[in-house]
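Take a look at the structure below.
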Amino acid sequence: VNIGSKVKSVKDLRPGDLLFSGGSASAPEHVAMYIGSSQAIDAPHTGATVRIKPLSYWTSQILVMKRPPYTDPATSQPGHGPTFTVDLPA
């Protein structure tokens, strides 16, 4: 939660942005990653199956949204950082 830049609105989310929930904004208990197409991916707890949920599931729970430097085109360098590719169910 202490990295990257704050995303002010769910309308501004980009794939790779992090959604923190539970606990407090300074010490969240959970994180999900926005993957685009109004979807987020997370694992409910250690050892659980990773799941994809609609962004609407998260909106009331979000404490803070952050954009890590590797997902921000202004700070990313071509060819560096992860590439996000997700096949969403039809």
Side-chain angles (χ1 to χ4, degrees):
V1 80
N2 296 323
I3 63 163
S5 57
K6 188 173 182 178
V7 178
K8 295 180 182 179
S9 168
V10 293
K11 295 176 186 175
D12 297 329
L13 287 170
R14 296 183 193 152
D17 288 348
L18 303 177
L19 315 173
F20 293 93
S21 62
S24 67
S26 62
E29 296 172 354
H30 191 73
V31 64
M33 179 184 288
Y34 183 69
I35 58 172
S37 301
S38 296
Q39 304 270 323
I41 189 168
D42 82 310
H45 54 82
T46 302
T49 301
V50 172
R51 63 188 180 180
I52 296 174
K53 292 253 188 196
L55 184 58
S56 60
Y57 172 85
W58 294 104
T59 50
S60 67
Q61 303 176 58
I62 297 171
L63 297 171
V64 66
M65 300 175 288
K66 296 296 283 272
R67 179 163 298 135
Y70 60 79
T71 65
D72 189 346
T75 60
S76 295
Q77 297 178 15
H80 295 85
T83 299
F84 299 99
T85 304
V86 178
D87 293 322
L88 300 175

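Please read all numbers here as calculations on a predicted model, not as lab measurements. Residue numbers run from 1 in the order of the sequence given.
In this structure, the side chains of K6 and V64 come closer than 4.5 Å at one or more pairs of heavy atoms. A 4.5 Å side-chain heavy-atom check between I52 and Q39 finds at least one atom pair inside the cut-off. At least one side-chain heavy atom of I62 sits under 4.5 Å from a side-chain heavy atom of V10.
Across every non-hydrogen atom of A48 and A43, the tightest pair is O-CB, 4.3 Å. Here the shortest heavy-atom pairing between A32 and A40 reads CB-CB, 4.4 Å. Of all heavy-atom pairs spanning F20 and V31, the tightest one is CE2-CG2, 3.6 Å.
If you take CD on Q61 and CG on L19, they are separated by 10.0 Å, rounding to the nearest 0.5 Å.
Each side chain to side chain donor-acceptor pair (under 3.5 Å) pair with one or both residues in residues 19-32, not counting sequence neighbours, appears once here: S24-S26, H30-D42.
Both Y57 and L13 belong to a common hydrophobic cluster when Ile, Leu, Val, Met, Phe, Trp and Tyr are linked at side-chain heavy-atom distances under 4.5 angstrom. Hydrophobic clustering of Ile, Leu, Val, Met, Phe, Trp and Tyr side chains at less than 4.5 Å, counting indirect connections, keeps M65 apart from I3.
For the side chain to side chain contact (heavy atoms under 4.5 Å, CB included) with Y34, the qualifying choice from L55, V7, L18, I41 is L55, the only one to do so.
Partners of T49 according to the side-chain contact (heavy atoms from CB on, under 4.5 Å) rule, which considers only residues two or more places apart in sequence or in another chain, do not exist here.
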